[in-house]
Amino acid sequence: MADYTDNEMMALTAGRFIKNGDIVFAGTGVSMLAATAAKRIYAPKAVIFFETGGVDPSLDEIPMAVADLRTMSGTCLNSGLIEAFSIVGHKRLHTIAFLGAAQIDRYGNLNTTVIGDYHRPKTRFSGSGGACDVASLASGVITFMQHQKKRFVEKLDYLTSVGWYDGGDSRQKLGLPRGGALAVVTNLGVMKFDKTTRAMYLAEHYPGVTVERIEENTGFAIDTSQAKESAPPTAEELRILREEVDPQKLML
Amino acid sequence: MADYTDNEMMALTAGRFIKNGDIVFAGTGVSMLAATAAKRIYAPKAVIFFETGGVDPSLDEIPMAVADLRTMSGTCLNSGLIEAFSIVGHKRLHTIAFLGAAQIDRYGNLNTTVIGDYHRPKTRFSGSGGACDVASLASGVITFMQHQKKRFVEKLDYLTSVGWYDGGDSRQKLGLPRGGALAVVTNLGVMKFDKTTRAMYLAEHYPGVTVERIEENTGFAIDTSQAKESAPPTAEELRILREEVDPQKLML
Amino acid sequence: MALYPEIEDKLMNPGEAVRRFIRNGSQIAIGGFTITRNPMAIAYEIVRQGIRDIHLVCHSHGQALDVLIGAGCVARCEIAYGGNGRYAPTCFRFKSAVQRGKILFEDYSNYQMSLRFLAGALGIPFIPTKSGLGSDLIKLEGFPPEIRREKKIASKKYVVTQNPFNEDDDKIVLLPALNPDVALIHAQYVGEDGTVRIKGLTFADIEQAKSADAVIVTCEEIVPRSFIRLDPDQNSLPHFFVDAIVRVPYGAHPTATYAFYDSDAKHLNFYKKMAKDDETWKAYLDEWVYGVQSHEQYLEKLGATALLAIKANTVVGYAVGLDRK
Amino acid sequence: MALYPEIEDKLMNPGEAVRRFIRNGSQIAIGGFTITRNPMAIAYEIVRQGIRDIHLVCHSHGQALDVLIGAGCVARCEIAYGGNGRYAPTCFRFKSAVQRGKILFEDYSNYQMSLRFLAGALGIPFIPTKSGLGSDLIKLEGFPPEIRREKKIASKKYVVTQNPFNEDDDKIVLLPALNPDVALIHAQYVGEDGTVRIKGLTFADIEQAKSADAVIVTCEEIVPRSFIRLDPDQNSLPHFFVDAIVRVPYGAHPTATYAFYDSDAKHLNFYKKMAKDDETWKAYLDEWVYGVQSHEQYLEKLGATALLAIKANTVVGYAVGLDRK
């Protein structure tokens, strides 16, 4: 058993998707870790920003929410939501958003609103927040999930945020010319989406996680033919994550 | 012959229309004098603002244009055009705009665009600027004109800014629920508009100006039955205008 | 002679502000975002005065939303997000009220709600966006038809239409403007001339204030005219958009105010514990809202140590090294 | 080691900025307003490089507009106002070009043009307004139909439609978004991290910059990262919206730059005299634009006395007591 946690593996795995020049939309929790890790380790010229209007904060301390005062300190711009979302969808920018969800389907559509009937739900979640917006407007979305059957479902109880919709070119047909689901990073591995059908497939399983275990925890049939085992995090990656990204151990 | 100029009489006459609490949209020239005079003499609690985004500047020196640096000094807010025009049309505010024009018709519609054909004009003027916007959105418009037959016309060569449109309730029917032409202040007198027909009538003729002279210089039939002679400016009004509003004599 | 003659008629305490501008059934926009700059002093006073049937319109809200819903003041909300980040992934009283069918709700997204406030501020009836195409936000309405006939409720939740400037298929969502009865804003500074200055992120506060029929601004400090007018580029709202000015230091506690104080992690964790079930929630309200007469008493109850712990470093803007676990 | 490593690849002189980002036929948005913050250094360079067939999109423009039109660089413009306040009620070369049929033009209003830039900045295809109902702006199109088929030209000047959220008669104007090829902005400060800060009124500069495919920013000063990031509330644009950064002190002359220098009344009056007829206008261009190789030479020609006369008082922002007759 290697000495790193699920959160650490998820943050580093997602962070590797970020390239220099990317404009990264970060939410709370693991996505905050992933965005910060990406900038400190893989893409120093990426820009982290928040839906609340803070662009490129110094992040000397990790924010606990997107409205945390730490999202507005040392920034290049303090603005508001309209400015922030106009950045998310801006045609000149390559914007990558980190999201989380309660449910996801095979086309990467997300539910963060309810379990059960919308009007009288069994469980009510926080709601869209900015998720529906970035799913509609960003260049690409990376979603964090706990890998469980009840979360990887055939049909969402509520479609909060559009991924590849019904697959194929159905997203474009909706009137959303760009964006879509890039990857899903879970506590077991990494899923990506087929370029044509836009259906989810297993790209990576973490060291010590079997393909079978992932299949058992996915509520729909998933192509595993291209699955590779992920490389474990290096000591240096873990050091930066623990000592520089979240030294206060607020999220690790 | 009293010792005051047309500009002085026009500025003071227009200034008297402003009440405390009014939000006053000022343009260049006489309207800048009128707005400043209003605040210094008649309505200290009026707020002067400019389409460029400057709200309530100190006006220690008179601006030569709405983008003059003096419109952004000592203000309560420096913003931009969208902010400024959202103030002009704001439902909570009583906004009075001072405009000038090349032509005006009996319903107070204004032309500041062309004389002759639009596509190949005999004379091209500056264009709407913010005039069309404030005429559409403000609570009321006061227009400064040189009183000449060629300027008070039956039909405008181009309708840049809507006043009472075709008269009656035609302005409301256009989809403009508030506003309209309040008064026209010229070098000869003051015109207002009938509450029902919305046609222009002569309300005041300046001291020494005959009703006949105004009729001769108006290109359409105008009701003069309610015309009264204006009071001349007081010595104190002239002192404030000359010593406080425009001590540098830039517009007087 | 009044201390601030220019704003004499607008200066008042939270009790008077609520009595004068908030009624049962009022449609209210709350400024701030989740754990920052919530107008808590006014929210607590609304609870103490027993205001009912509030219609809340907000983007992402946390503390004020949860307290108002938990105290039974809210009948409906149009909302994008009910949570407090790490301190409450979903706000507890909001969650329980929805699951028990105690409030009506209609879901929008953050951008959509912000654009709806912008449309209201600009005085335009709707504004277009691509956000939401294909989502259930657009498919499912939360409010029953009879509510749609009310004056301040949009006749339709959304309209999806073709872009009239494009001959090709090009769908767009039209969002109805919002014009709430009252907006509640907490700012760092109000000038003695009534000018409002918000430091740090403004969220959608300025659009909310300009979209509303009345605006209550609570502030940390009232500052000299000479200060607020020296660099007007930094100001947020002219005096003529503000109806009530209420000076309440720590008026956003337990949420944060940039350059003044951080979110109170200790109190938010305590709140989390208390808000989880009905019994402890009632105890929290009794102790922290009904049990105090004023925000001053509330702060006295919190105590100096708690307030000093969250005091922001005035240069970096937050409480450096604060234990936020 | 470069002086400003973070923006090394974006720092250039006016000549290079124009060569890299402006072509014959480019659609260009000019920042500033009439006599303030016009990007004159870039405008002069466009003239010197002999760029042709420019499509200008602007609200109220004065000096840069008139120079570009007068030098024959402009084929068309979408415009709200062509004037310089008291220095030119209607810009002279603009007036003469229109009256001689030398340029195509389409009239909008200031608010309409600003909203069109905002729509472009937000990435929405149109935005509604009540402004213009009943006016000839809406009735008369300035461009011939063949131009309407071009990619960056709106297929219709306006669309007047019914508000779909209202069952009663409620007409509204839809304005097509603008997305110019290039925006030219003159700012006081650019940080060594590329952050742009405009002081004083921003006009529609920020919307123009965000609506454009490329942005050239000229600035008075390049300032330390530590300064520009100390109070980010005051900043105007993040670095990722800026393609070219050009340091040009007095880069807006003869128009003004808040806190740096006032409008040059003396030069604007001289311009007025020279722009009135074709002969003197040619002489003005030969002497003040073609006759100098760079903005530095232009300033040297103006001389120290002229520059010192208009130097702004850094506290009040303008040149106190300047003779502006």
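All figures in this text were calculated on a predicted structure; none of them were measured in a lab. Naming: A, B, ... by sequence-line order, numbering from 1 per chain.
With a 4.5 Å cut-off on non-hydrogen atoms, L174(D) touches chain C through its backbone and its side chain both. Only the side chain of D233(D) has a heavy atom closer than 4.5 Å to any heavy atom of chain C.
Note: Y108(C) and Y158(C) meet the aromatic proximity criterion, with ring centroids under 6.0 Å apart. Here H59(D) and F33(D) bring their ring centres to under 6.0 angstrom of each other.
Listed options L115(D), I172(D), N163(D) were ranked by heavy-atom pairs under 4.5 angstrom with chain C; first place goes to N163(D). Counting heavy-atom pairs closer than 4.5 Å to chain C, the top-ranked of the candidates L122(D), V316(D), N166(D) is L122(D). No other option in S155(C), A177(C), P232(C) has as many heavy-atom pairs under 4.5 Å with chain D as S155(C).
Residues R247(D) and E221(D) are not paired through a salt bridge, judged by the lack of any N-O separation under 4.0 Å between the basic side chain and the carboxylate.
Across every non-hydrogen atom of C58(D) and H61(D), the tightest pair is CB-CD2, 3.1 Å. Closest approach of S263(D) to I35(D), counting heavy atoms only: OG-O, 3.1 Å.
Seen from the ring of F143(C), R148(C) does not count as a face-on cation partner, given the 6.0 Å and 45° thresholds.
With hydrogens and angles left out, the side-chain atoms of E220(D) and Y250(D) include no donor and acceptor closer than 3.5 Å. Defined by atom type and a distance below 3.5 Å, a donor-acceptor pair is missing between the side-chain atoms of S26(D) and D181(D).
Using a 4.5 Å cut-off between non-hydrogen atoms, the part of residues 184-205 of chain D that approaches chain C consists of I198(D), K199(D), G200(D).
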